[in-house]
There are 2 protein chains.
Amino acid sequence: MISKKMQAQVQSSSIIRAMFEEGKRLAGIHGAENVFDFSIGNPSVEAPDEVKKAIVDIVNSEDAMSIHGYMNNSGYEDVREAIAKSINKKFGTAFNHKNILMTVGAAGGLNVVFKTLLNPGDEVVVFAPFFGEYRAYADNFDGKLVIVSPNTVDFQPNLEEFKGKITPNTKAVIVNSPNNPTGVIYSEETIVKLAKILEEKQKEFGTDIYIISDEPYRELAYDNAQVPYLTKYYANTIVGYSYSKSLSLPGERIGYLVIPSEVADFENVVAAANIANRILGFVNAPSLIQKVIARCLDAEVDVEAYNKNRELLYNNLSSYGYECIKPEGAFYLFVKAPIEDDKEFCAKAKDKNILLVPGSAFGCPGYVRIAYCVAYKTIERALPSFKALIDELK
Amino acid sequence: MISKKMQAQVQSSSIIRAMFEEGKRLAGIHGAENVFDFSIGNPSVEAPDEVKKAIVDIVNSEDAMSIHGYMNNSGYEDVREAIAKSINKKFGTAFNHKNILMTVGAAGGLNVVFKTLLNPGDEVVVFAPFFGEYRAYADNFDGKLVIVSPNTVDFQPNLEEFKGKITPNTKAVIVNSPNNPTGVIYSEETIVKLAKILEEKQKEFGTDIYIISDEPYRELAYDNAQVPYLTKYYANTIVGYSYSKSLSLPGERIGYLVIPSEVADFENVVAAANIANRILGFVNAPSLIQKVIARCLDAEVDVEAYNKNRELLYNNLSSYGYECIKPEGAFYLFVKAPIEDDKEFCAKAKDKNILLVPGSAFGCPGYVRIAYCVAYKTIERALPSFKALIDELK
């Protein structure tokens, strides 16, 4: 018998699995090219050439022990130092290797942070819509997710409501910008206000409240949009980063945490995060890919390809009558369902071989997420079906 | 403020960290070549050439999307199928890809199993001496470690005591053979008896009790010693495997779970383990290395190098008067401390620049672990110090 927590997980996950199976079934009937899968955030742009070159160079020039052996649980010191310097150059910060912990992707990093910080019952605040996995990550450590309802005008966080939801039990606030699922970048104004509220609440309650900045989409920002670096606005910020999107390496599970020296209880947080990385079973981020990252810090994926997808999809869906904020980053469009029930709309979309994720999965019913990390021509081919779909519902 | 659980971890880990710092300090004074570090189980034998060749071949022949992209959380189906076939060929089993879940090393795999199975308070039985991390892994899910005291005659598990410690709350039993820290292989006779006890207890209590076979040292067996494959002796067996030692890839974090179709609640265990792999933040085992493994299933590290170390160290320490079972596998010697207090003995060894781990860390005070995964000449150079150490204590 599996555990009670996992029974609930298997129960709820089976819906998604059923959808996935349905997609495969549809592909079998209509041909894979006639099924438009916008459901998964799997990068569609190749890793830059530098990655391949770095892999070959490293295995040809370094000895196997140093490439594949154990290192400190935090990762190779030189890799961490190189990353710190790269962040400093980009954002004017002053980190060194001691502030960097290499992780098994951002998902690994967030679990390490929650293991480090959360006592059972501690509250983690998220702004809807939010990445559904946060719920599971907090629950792994018996943390309690506190949800701030969505501001559907511009999808900036609802700070008035936020203020009222912070309690003496609030341990962390997750900020995810550019945002999954909306593609919205939280403005500098938002960040300044949010930091001010937290400073006040820390004083009021005599507690430490950490911002956890989950930013796997940082580099996917369009039209030169700026993504504020949160450690500069709020001392108690821990950054979780991933190369899954910025270098198209999601399968490799590589990312890092930034733990600034200014965070409350810094020495203990760093020591605990290091141990958490080990005892949660990660032990360390994969070794070869750590070394690859250090050689690819200035490499970039072709963000323009996502931008073209964004323009094509946003402009056309808008012209068909879909309501949507134009995303400034990431590779998602968060569209108002033309009928009230987002799940029903997803079902109707599926009848046209379009696979979407209901907003309910992100704590924001009435909307759907379209992941446009697909081939440009997939969007072109899907557009008539998107048009027919809304026309029929009008 | 870090969590209460992590406060305790930081507290206890700081002792080991202090030892590590001490080792570095000694190396600074006496030179690294005069400090004999037998404290860490980091393979000293290089990964076989096939690994390098496979890495280069894969990045040169497959496209980046398929190498570095997401796949099913369980891992690539073809890799899992290849591993299943390889196990079947070696052990006469009948697994297929559905029985294999690729994991972030064995440590990742054990955490996935515990997340899948354990409710708070569920009991996990271990046989002392045991790998100390099991305690943390069980505690991650509020499982309770139940320790069977060591049988210091031959370090086979104490089955009489074991029988009495199984309760209606027993959810799992960890078997680790070849064993860390003793190097002992649990005999077929032991396994048969152990399975029989569990069958009886399952019937008595009407419960499912899983054996978790943690076997990262399976291939490190000397003198043609056979390591029984536990799924053949007991239906409710889940195997956790790692390539850390068998291919000297500890930093890459690659291993797998075998979940046989015969285990109780199979469909749910597989579904839950898949989800656990995702929500614990592993998401999937690193992708490139998964593909490398599939090409290196018949590759081996130079086990003979470890065997030479074993012979040199065992024969000489025995001749000096140290008491020790000759290890049949792994790369550890578990030696009786010549004085009662193992920690005090480790301190005295450190005075001679020899770094050991006290048996207390493995639930077996009065002994010390010597990890002989070091250069042959390190052992040669250390031998006079080992001799002087015991001579002084006599």
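So you know, we letter chains A, B, ... as the sequences are listed, proteins then strands, and number each from 1.
- In this structure, no portion of Ile254(A) lies under 4.5 Å from any heavy atom of chain B.
- Heavy atoms closer than 4.5 Å to chain A are found nowhere in Leu110(B), neither backbone nor side chain.
- In plain terms, the two heavy atoms of Leu288(A) and Leu288(B) that are nearest each other are CD2-CD2, 4.3 Å.
- Heavy atoms closer than 4.5 Å to chain B are found nowhere in Ala273(A), neither backbone nor side chain.
- Shown here is Lys144(A), whose NZ atom has no more than 12 heavy atoms of other residues, nucleotides or ligands within 6.0 Å.
- Summarising the local packing, CZ of Arg135(A) is surrounded by 12 or fewer heavy atoms from other residues, nucleotides or ligands at distances under 6.0 Å.
- Chosen from Ala136(A), Ala47(A), Ala272(A), the residue pairing most often with chain B at heavy-atom distances under 4.5 Å is Ala272(A).
- In this structure, chain A has a heavy atom under 4.5 Å from the side chain of Asp208(B), while its backbone stays farther away.
- Closest heavy-atom contact between Val59(B) and Val56(A): CG2-CG2, 3.6 Å.
- Tyr306(B) is linked by a ring pair (Phe, Tyr, Trp, His ring centres under 6.0 Å) to Phe331(B), counting only residues two or more places apart in sequence or in another chain.
- Residue Glu133(A) touches chain B through its side chain alone, counting heavy-atom pairs closer than 4.5 Å.
- Interatomic distance, CD1 of Ile58(B) versus CD1 of Ile55(A), reported as 10.0 Å (0.5 Å rounding).
- Ranking Lys5(A), Met1(A), Lys4(A) against chain B, the residue ahead of the rest is Met1(A), based on heavy-atom pairs under 4.5 Å.
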Legend entry - Audit row: Leu280(B), Leu280(A), side chain to side chain contact (heavy atoms under 4.5 Å, CB included) steps and yes/no: CA-CA 8 Å; Leu280(B) 288 175; Leu280(A) 288 175; 5.7 Å; no
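- The greatest number of non-hydrogen atom pairs below 4.5 Å with chain B, out of Leu117(A), Asp139(A), Thr207(A), is found for Leu117(A).
- Contacts of Asn268(B) classified as side chain to side chain donor-acceptor pair (under 3.5 Å), with partners at least two apart in sequence or in another chain: Asp265(B).
- With chain B as partner, the option from His68(A), Met65(A), Gln7(A) having the largest number of non-hydrogen pairs under 4.5 angstrom is His68(A).
- Within the model, atoms CG of Asp142(B) and OG of Ser3(A) stand 11.5 Å from one another, a figure rounded to the nearest 0.5 Å.
- For Val51(A), the part lying near chain B is the side chain, with the backbone staying farther off; criterion is any non-hydrogen pair under 4.5 Å.
- Note: Leu249(A) CG to Tyr70(B) OH = 10.5 Å, rounded to the nearest 0.5 Å.
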Inset, instruction - Under the side chain to side chain contact (heavy atoms under 4.5 Å, CB included) rule, what do Lys52(B) and Asn60(A) come out as? Steps first, then yes or no, please. - result: CA-CA 8 Å; Lys52(B) 178 178 169 178; Asn60(A) 281 331; 3.3 Å; yes
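- Other residues, nucleotides and ligands contribute at most 12 non-hydrogen atoms within 6.0 Å of the CD atom of Glu77(B).
- Remark: Asp57(B) CG is packed, more than 12 non-hydrogen atoms of other residues, nucleotides or ligands lying under 6.0 Å away.
- Across Thr103(B), Asn140(B), Val112(B), Leu247(B), the residue that shares the most heavy-atom pairs under 4.5 angstrom with chain A is Asn140(B).
- For Lys201(B), the NZ atom sits in a packed shell: over 12 heavy atoms of surrounding residues, nucleotides or ligands are nearer than 6.0 Å.
- Counting non-hydrogen atoms of neighbouring residues, nucleotides and ligands closer than 6.0 angstrom, the CD atom of Glu300(B) reaches no more than 12 such neighbours.
- For a residue to count as touching a neighbouring chain, one of its non-hydrogen atoms must lie under 4.5 Å from one of that chain's; by this rule Ala106(B) does not touch chain A.
- In this structure, the separation between CD1 on Ile2(A) and CG on Leu118(B) is 12.0 Å, given to the nearest 0.5 Å.
- Closest approach of Asn111(A) and Ile279(B) over heavy atoms only: ND2-O, 3.3 Å.
- With a threshold of 4.5 angstrom between heavy atoms, Phe114(A) does not approach chain B through any atom at all.
- Proximity to chain A (any heavy atom under 4.5 Å) is restricted, for Ser244(B), to the side chain, taken from C-beta onward.
- Note on Asn42(A), Val45(A), Ile40(A), Val269(A): by heavy-atom pairs under 4.5 Å with chain B, the leading option is Asn42(A).
- Comparing Gln290(B), Met71(B), Arg278(B) by heavy-atom pairs within less than 4.5 Å of chain A, the highest count is held by Arg278(B).
- We find the OG-CD1 distance between Ser287(B) and Ile289(A) to be 7.0 Å, quoted to the nearest 0.5 Å.
- Of all non-hydrogen atoms in Gly69(A) and Pro250(B), the two that sit nearest each other are CA-CG, 3.8 Å.
- Neither the backbone nor the side chain of Asp122(A) comes within less than 4.5 Å of any heavy atom of chain B.
- In this structure, the portion of Lys171(A) lying under 4.5 Å from any heavy atom of chain B is its side chain and not its backbone.
- Of all heavy-atom pairs between Met6(B) and Lys115(A), the closest is CG-O, 3.2 Å.
- Considering all non-hydrogen atoms of both residues, Asn284(B) and Gly251(A) come closest at ND2-O, 3.0 Å.
- More than 12 heavy atoms of other residues, nucleotides or ligands sit less than 6.0 Å from atom CG of Asp302(B).
- With chain B as partner, the option from Ala264(A), Gly108(A), Gly105(A) having the largest number of non-hydrogen pairs under 4.5 angstrom is Gly108(A).
- Contact count versus chain A (heavy atoms, under 4.5 Å) is highest, among Phe282(B), Phe141(B), Tyr137(B), for Phe282(B).
- The contact between Thr116(A) and chain B is made by backbone and side chain atoms together, counting heavy-atom distances below 4.5 Å.
- The distance from atom CD of Gln9(A) to atom CG of Asn274(B), rounded to the nearest 0.5 Å, is 12.0 Å.
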